[in-house]
S.K.: 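My questions will all concern the structure given below.
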Amino acid sequence: NITNENGEAKNPGPTARLYTKNIDGLVSPTRRATIFRNIQRENKHNKVTAVFLQETHIHKKDGTRIQADAKRHQLVIF
């Protein structure tokens, strides 16, 4: 029900659109580029508030390259 007891419409606040994906292969430059392009395409089609990627195969030595590639795609990885 989107109305309160006075019949007024409730304001649900801003809507957040989340993009989540469990990926296996962010270390591969080719696969990483594909994933980042897909995120950009999805965001152009319908703005995304936050992206959550689950990857269990990232090693410290790969982190710098992954962050640099994300930046080239206008993404920030934490």
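Note that the structure is predicted; figures quoted are calculated from it, not measured.
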S.K.: Kindly indicate, with the supporting measurements, whether the criterion side-chain contact (heavy atoms from CB on, under 4.5 Å) is fulfilled by Ile77 and Phe36.
M.R.: CA-CA 11 Å; Ile77 293 183; Phe36 291 163; 3.8 Å; yes
S.K.: Go through it in stages, so that I can follow the logic: the residues are Asn46 and Arg17, the test is side-chain contact (heavy atoms from CB on, under 4.5 Å), and I'd like the CA-CA distance, side-chain angles, deciding distance and then a yes or no.
M.R.: CA-CA 9 Å; Asn46 191 359; Arg17 185 160 177 269; 3.5 Å; yes
S.K.: Is the closest side-chain heavy-atom distance between Lys71 and Val76 below 4.5 Å?
M.R.: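 A side-chain contact under 4.5 Å is absent here.
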S.K.: Only distances under 3.5 Å count here; give the side-chain donor-acceptor pairs of residues 19-31 to other protein atoms, sequence neighbours excluded, each with its distance to 0.1 Å.
M.R.:
residue : atom : partner : partner atom : Å
Asp24   : OD1  : His57   : ND1          : 2.8
Ser28   : OG   : Arg31   : N            : 3.4
Arg31   : NE   : Asp24   : O            : 3.0

S.K.: Which pairs with one or both residues in residues 43-61 pass salt bridge (charged side-chain N to carboxylate O under 4.0 Å, His left out), sequence neighbours excluded?
M.R.: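 Found none.
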S.K.: How long is the span from the CG atom in Asp62 to the CD atom in Gln67, to the nearest 0.5 Å?
M.R.: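 Reported to 0.5 Å precision, the distance equals 12.0 Å.
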S.K.: I need the Ile35 CD1 to His73 NE2 distance, nearest 0.5 Å.
M.R.: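 Spacing of CD1 (Ile35) from NE2 (His73) equals 10.5 Å.
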S.K.: What's the spacing between Asn43 CG and Ile39 CD1 if we round to 0.5 Å?
M.R.: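 Asn43 CG to Ile39 CD1: 9.5 Å, rounded to 0.5 Å.
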S.K.: Do you know the tightest heavy-atom contact between Glu42 and Val48?
M.R.: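 Residues Glu42 and Val48, closest heavy atoms: CG-CG2, 4.2 Å.
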S.K.: Considering all heavy atoms of both residues, which atom of Thr49 and which atom of Ala16 are nearest to each other, and what is their separation?
M.R.: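 The answer is OG1-CA, 3.4 Å.
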S.K.: For Leu18, which fellow cluster members are found when Ile, Leu, Val, Met, Phe, Trp and Tyr are connected by side-chain heavy-atom distances below 4.5 angstrom, either directly or through intermediates?
M.R.: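 Traced through the cluster, Leu18 reaches Phe52.
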